[in-house]
Amino acid sequence: MSEDPVRSGKFGDYGGQYVPEVLMPAVEELADAYERYVLENEDGFVDEFRRHLREFGGRPTPLSHAANLSERYGTEVYLKREDLLHGGAHKLNNALGQVLLAKYMGKERVVAETGAGQHGTATAMACAYLDMPCEIYMGRTDVNRQRPNVFRMRIHDAEVNPVDAGSGTLKEAINETMRDWATNVEDTHYVVGSVVGPHPFPAMVRDFQSVISEELREQSREQLGQLPEAVIACAGGGSNTMGAFSAFIGSAELFGAPTGAHEPAPDVDLLAVEAGGAELGVDADEGYAPNSASLTTGSEGVLHGARTKLLQTDEGQIVESHSVSAGLDYAGVGPELAHLVDEGRVTPVSVGDDAALEAFHCLSREEGIIPALESSHAIAYLEEYEGEGPVVVNVSGRGDKDLDTVIEESAERDLDVAPSMEVFEQ
Amino acid sequence: MTRDDGADAGRDDASRSDLADAFADGDALVSYVAAGDPSAAATKEYAEALVAGGTDVLELGLPFSEPVAEGPTIQRALQRALDAGMTPDAYLDLVRDLDVDVPVVCMTYYNLILRYGSSEGRDASEPGPEAFVEAAADAGVSGFVVPDLPVNESERMAAACREHGVDLVFIVAPTTTDERLERMLDRTTGFVYVQGRVGTTGARDDVSAAAHGSLDRLAEANVPKAVGFGISAGEHAREVVAGGADGVIVGSAYVDEIADGVENDEPTADVAARLESLARELKTGAERGASADGEGGTTADHDSPEPQRK
Ligand SMILES: Cc1ncc(COP(=O)(O)O)c(C=O)c1O
């Protein structure tokens with residue numbers, strides 16, 4: 001492995017490759033393919049990737065001025081519209097990149113985990129488009145709370161395997177996908193859905209997602225005449241987060257990016273909004289965290305192939321996390337993001353379930369955009385944002401998949417902003 | 001990533017460890033159960049029964065909440081153990097309490113090892129493996145198998161193990177490249193764990209050709225070789241030992257018996273008796289494989305050895 005910090009997979013003490021030996025050769029083969037195809041554009045890989053992002057994905061996505069929110073908060077607010085990417089979330093950037101890479105590597109099958117179902121759906125779409133068989137693992141709880149995405153995956157002809165272990169969310173889905181990979185490693189690629197897992201996944205997924213901040217930077221210059229004061233993005237594993245931040249950090253540069261698009265821009269504040277759930281903290285006795293805020297309240301450990309910040313008991317058992325949003329409901333976070341927080345480059349903040357639900361309704365009413373519950377966390381942070389602006393919020397996805405959850409949870413909580421659904425009773 | 005040289009190479013014969021000694025006859029039986037499944041008291045009884053049945057090395061699983069290398073049988077066992085309250089400290093108490101004269105190997109995942117020193121009442125300034133390795137050595141643990149700690153990440157763990165005279169065993173998989181194999185042989189002590197097939201742990205009905213392929217690749221290696229993953233009967237043990245292994249590792253086959261005992265609410269002594277007789281069958285198989293001295297080592301359906309990988 002190279003000593004180059006970009007290629008070594010270590011972010012300070014975080015990162016690394018903590019996986020069973022049976023997977024290590026595949027992980028090393030992937031690191032090699034990452035260096036050749038993604039970093040060096042061998043065989044024109046990145047050109048083809050960028051072409052698929054445009055022609056299939058619909059990139060670039062717009063940067064929209066949110067006039068009503070700007071007035072409400074007294075700050076110029078802009079929205080980076082990953083909800084308009086094909087499939088309805090930023091997840092396609094990464095899924096397209098990895099499925100294409102799997103083809104370049106001669107793999108015959110892919111597997112993936114999914115939480116909210118957005119990554120599973122994006123992988124299923126990319127596989128249909130690039131003609132690759134695919135199997136998705138999804139926790140039982142998530143299967144039940146994200147039904148529309150289960151339908152979509154099945155319609156794209158992906159196998160969907162519910163996982164019953166534990167609380168049936170993302171953590172269990174990742175465990176099971178790793179076991180499938182360990183069994184079928186010779187012809188299978190694991191399309192990891194966020195900037196987590198063993199090297200090269202955190203760096204590679206960041207690079208595939210960095211197109212978000214690359215565009216955002218160009219668009220800010222053109223539309224605002226300046227860089228934004230801050231970029232706000234929600235953080236589960238942290239892929240939309242790293243995607244929205246990386247061009248300002250200067251950590252990634254995909255082949256064919258405009259010159260200067262990735263110069264470090266230390267004056268741009270980078271805010272990672274975690275799911276505060278019901279409350280912060282870890283209840284070690286119950287083995288439960290009523291939140292998914294690993295950056296804010298987690299401690300250092302090793303999970304799913306990387307050293308990073310985790311929600312765990314004192315002894316190192318990983319606890320069940322919680323968020324109203326399935327895509328943020330995870331006990332870990334990407335190692336690079338953990339490192340950037342330790343370095344002070346990224347500021348972690350958190351927003352609870354109630355505030356996220358309110359922000360969901362607020363954006364839907366004020367701007368005509370129904371955001372994903374994950375993205376609603378980023379929007380909710382505007383309530384607390386104190387800068388002068390302009391500020392960009394990354395709308396990582398659209399909320400069609402969340403309608404059932406939002407209507408139910410809003411009614412249960414008696415949220416003032418929630419619309420009445422009396423129409424059904426007439 | 002740098003590769004270290006001579007300094008931490010496997011011990012020479014003069015200072016062989018307990019663990020390596022246990023393989024001296026070339027027909028060792030390594031028996032795995034999850035500590036605390038379904039209680040610490042039961043594990044103690046099971047361990048003693050397994051040793052009475054001929055077990056040469058006892059491998060005790062310290063349960064972790066995310067056991068990614070395990071199949072369903074051991075996943076459920078680890079969950080039963082966690083539900084029954086097994087912790088790293090209770091595990092060390094159990095090891096101290098065992099009345100057996102064979103070496104004990106701790107099989108667990110790296111996060112538990114890393115966190116031990118910074119958990120309550122101990123205050124290492126940052127997470128690291130040293131505190132647990134020391135505590136385990138004091139309790140009588142002779143070696144570690146850590147499935148999510150590949151050789152690349154093992155430098156600090158290996159140093160701590162050297163310091164406390166504990167062996168660190170690496171797993172050779174059917175997919176392991178020649179280059180990785182060499183690095184592992186440089187660092188492994190006690191024995192090498194030959195993973196008999198791709199995938200996760202679990203009892204199977206036959207011995208995979210991959211096990212024979214790995215044994216062929218390891219034929220020249222100067223360290224005992226034990227084959228695990230999928231071995232469940234005396235005949236498998238015979239075949240593997242006849243094929244060049246110095247021992248076999250069996251886990252899920254015992255855990256299936258323990259799970260039956262839990263399901264049917266059987267007295268611990270009844271389950272222990274079944275474990276003892278299964279261990280005896282496996283040990284007898286291994287002994288037969290060793291006395292056949294390589295003859296008839298492979299069954300008819302033994303495919304050609306795995307090609308060497310690059
Ligand atoms: C729309 C959306 N945003 C954010 C996330 C969280 O993932 P990450 O933190 O990797 O961006 C998800 C995950 O499913 C998602 O669907």
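Labels below follow one simple rule: chain letters A, B, ... track the order of the sequence lines, proteins then strands, and each chain is numbered from 1.
If you measure heavy-atom distances from B:Pro150 to chain A, the contacts under 4.5 Å come from both the backbone and the side chain. Contacts of A:Leu310 with chain B are made by side-chain atoms alone, with heavy-atom separations under 4.5 Å and no backbone atom involved. Interface remark: B:Pro67 contributes backbone and side-chain atoms alike to the contact with chain A (heavy atom separation under 4.5 Å). Using a 4.5 Å cut-off between heavy atoms, A:Val185 contacts chain B through its side chain alone, with no backbone atom that close. Only the side chain of B:Leu82 comes within contact range of chain A, judged by heavy atoms closer than 4.5 Å.
Most heavy-atom pairs under 4.5 Å with chain B: of the set A:Met24, A:Met178, A:Glu21, this distinction falls to A:Glu21. Highest contact tally toward chain A, considering only B:Ser154, B:Pro127, B:Gly71, is held by B:Pro127 [criterion: heavy-atom pairs under 4.5 Å]. Comparing A:Gly287, A:Ala26, A:Ala182, A:Ala165 by heavy-atom pairs within less than 4.5 Å of chain B, the highest count is held by A:Ala182. Options A:Glu176, A:Glu172, A:Arg307, A:His304 differ in how many heavy-atom pairs under 4.5 Å they form with chain B, and the most are formed by A:Arg307.
Listed here is the closest heavy atom pair of A:Ile318 and B:Ser65: N-OG, 2.9 Å. The shortest non-hydrogen separation linking A:Gly301 to B:Asn111 is CA-OD1, 3.1 Å. Across A:Thr183 and B:Thr200, no two heavy atoms sit closer than the pair OG1-N, 4.2 Å. Shortest non-hydrogen contact noted between A:Asp314 and B:Ser119 is O-CB, 3.1 Å.
Contact check for B:Glu126 versus A:Glu300: no side-chain heavy atoms found under the 4.5 Å cut-off. A heavy-atom distance below 4.5 Å is found between the side chains of B:Leu114 and A:Val302.
Residue-environment remark: CG (A:Asp187) exceeds the threshold of 12 foreign heavy atoms within 6.0 Å. Atom CD of A:Glu40 has more than 12 neighbouring heavy atoms from other residues, nucleotides or ligands inside a 6.0 Å radius.
Taking CD of B:Glu66 as the start and CD of A:Gln317 as the end, the distance is 8.5 Å to the nearest 0.5 Å. A distance of 7.5 Å separates CD in B:Gln75 from CG in A:Asn175, rounded to the nearest 0.5 Å. Atom CZ of B:Phe64 is separated from atom CD of A:Glu315 by 12.0 Å, given to the nearest 0.5 angstrom.
One N or O on the side chain of A:Arg179 and one on the backbone of B:Glu70 form a donor-acceptor pair closer than 3.5 Å. The backbone N or O of A:Pro20 lies less than 3.5 Å from no partner atom in the side chain of B:Asp148, so there is not a single donor-acceptor pair. Within the 3.5 Å criterion, the main-chain N or O of A:Tyr18 finds no donor-acceptor partner in the side chain of B:Glu153.
Ion pairing of A:Glu28 with B:Arg180 is present here, as a side-chain N (NZ or NE/NH1/NH2) and a carboxylate O approach within less than 4.0 Å.
Defined by atom type and a distance below 3.5 Å, a donor-acceptor pair is missing between the side-chain atoms of B:Thr175 and A:Glu186.
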